[in-house]
2 protein chains.
Amino acid sequence: MHTDLDATFAALADPTRRAILARLATGEATVTELAAPFAMSQPAVSKHLRVLERAGLVSRGRDAQRRPCRLEAGPLREATTWLAGYRDHWAESYQRLDALLDELRSTDQADQAGSRGGGAR
Amino acid sequence: MHTDLDATFAALADPTRRAILARLATGEATVTELAAPFAMSQPAVSKHLRVLERAGLVSRGRDAQRRPCRLEAGPLREATTWLAGYRDHWAESYQRLDALLDELRSTDQADQAGSRGGGAR
DNA sequence: ACGGTATATAACCCTCCGGTTTGATAACCA
DNA sequence: TGGTTATCAAACCGGAGGGTTATATACCGT
């Protein structure tokens, strides 16, 4: 379980991969679809997908040549469960973090790039 | 903003650093105290602390020669806020998460005075 | 069977990371 | 003043990470 969190957090530490996850939150997508928005080669994106897959954050099916990617949110839940262990500390330091969090809530949307309305906002 | 999450998740991706945070959750500690449980040199631990400090997860005071470390949970909250954007996806496949979600939701409402939509499920 | 599309693999860069050992800095204690 | 304690800084090393280009693989459509 060490290792799970290791892989999960490491996978989330890259903005390209977080953007891929945000895109996948809107539904399945192929590798080329996922690669399109980025200014990098297709193999680079494939590597990112491999990292996400190894972390269990993405699974892939098969549709002819295409290999559609799907979000697997299990590891995200595990990560959140781990973070929840520090909830009390957020609360302690909350008052002086108030401003920061307000700012964060607005900038949050940019990073989540259209990842459906349901969540944090 | 990307960079914050980059540094935060990258810092959390190492089990030694997570252990350090867990230790600091119980109160301040000096570098040597933090280094004691680990089978690695003190400079290695200092390096980990620097990573945590750069990520804003740890701050340090000064007590004579000692440089006590203190947990700063702000980035953890930031990370959780990001993860919360995927709440709906966890919920799809994991009903046993209800307890955690309820707990988180009630905290959010208390802390943020309903600024966040309660619409998740 | 052929050409095009979608994706993976290989080989190769360069940088960053986690660890080491050694030596420097700074503050206490006598 | 000298010695001890606590911590940092520098130099180094092996390996992993993120990127590239070029090439192979697999499947479709005709």
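Naming convention: chains lettered A, B, ... in sequence-line order (proteins, then strands); numbering from 1 in each chain.
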Inter-residue atom distance A:Glu78.CD - A:Leu76.CG, 0.5 Å rounding: 9.5 Å
Sugar-phosphate, base or nothing in reach of A:Ser41, heavy atoms under 4.0 Å: base
5'-most by nearest nucleotide on DNA chain D - A:Ala44 or A:Arg54: A:Arg54
Pairwise side-chain contact, B:Thr32 with B:Arg66, heavy-atom cut-off 4.5 Å (strictly under): no
Whole-Å gap separating C1' (C:dT7) and CZ (A:Arg50): 13 Å
Atom-to-atom span, NE2 of A:His48 to P of C:dT7 - whole angstrom: 16 Å
Pairs touching residues 36-61 of chain A that satisfy salt bridge (charged side-chain N to carboxylate O under 4.0 Å, His left out), sequence neighbours left out: A:Glu53-A:Arg60
Side chain to side chain donor-acceptor pair (under 3.5 Å) involving B:Glu33 - partner list, sequence neighbours excluded: none
Any A:Arg17 side-chain N or O less than 4.0 Å from OP1/OP2 of D:dG18: yes
Rounded interatomic separation in angstrom, taking CZ from B:Arg18 and C1' from C:dG18: 15 Å
Sugar-phosphate, base or nothing in reach of B:Ser46, heavy atoms under 4.0 Å: sugar-phosphate
Nucleotide C:dG18, atom P - distance to CZ of B:Phe38 in whole Å: 13 Å
Nearest-Å distance for atom pair CG/P, residues A:Leu52 and C:dA8: 12 Å
Cluster check A:Val51, A:Met40: I/L/V/M/F/W/Y, side chain < 4.5 angstrom: no
Plane angle bin for A:Phe9 and A:Trp82 - parallel if under 30°, tilted between 30 and 60°, otherwise perpendicular: perpendicular
Verdict with supporting geometry, B:Leu12 and A:Leu5, side-chain contact (heavy atoms from CB on, under 4.5 Å): CA-CA 8 Å; B:Leu12 296 181; A:Leu5 284 174; over 6 Å; no
Integer-rounded Å distance: C:dA6 P and A:Arg60 CZ: 15 Å
Integer-rounded Å distance: D:dA16 P and B:Asp14 CG: 14 Å
N/O donor-acceptor pair, side chain A:Lys47 with base D:dG19, under 3.5 angstrom: yes
Side-chain N,O (B:Thr32) to OP1/OP2 (D:dT7) below 4.0 Å: yes
Distance, rounded to the nearest Å, where B:Leu49 contributes CG and C:dC17 contributes C1': 16 Å
Tabulate atom names and distances for all N/O pairs under 3.5 angstrom spanning the protein and nucleotides 22-30 of chain C.
unit_1 : atom_1 : unit_2  : atom_2 : d
C:dC28 : O4'    : B:Gln65 : NE2    : 2.7

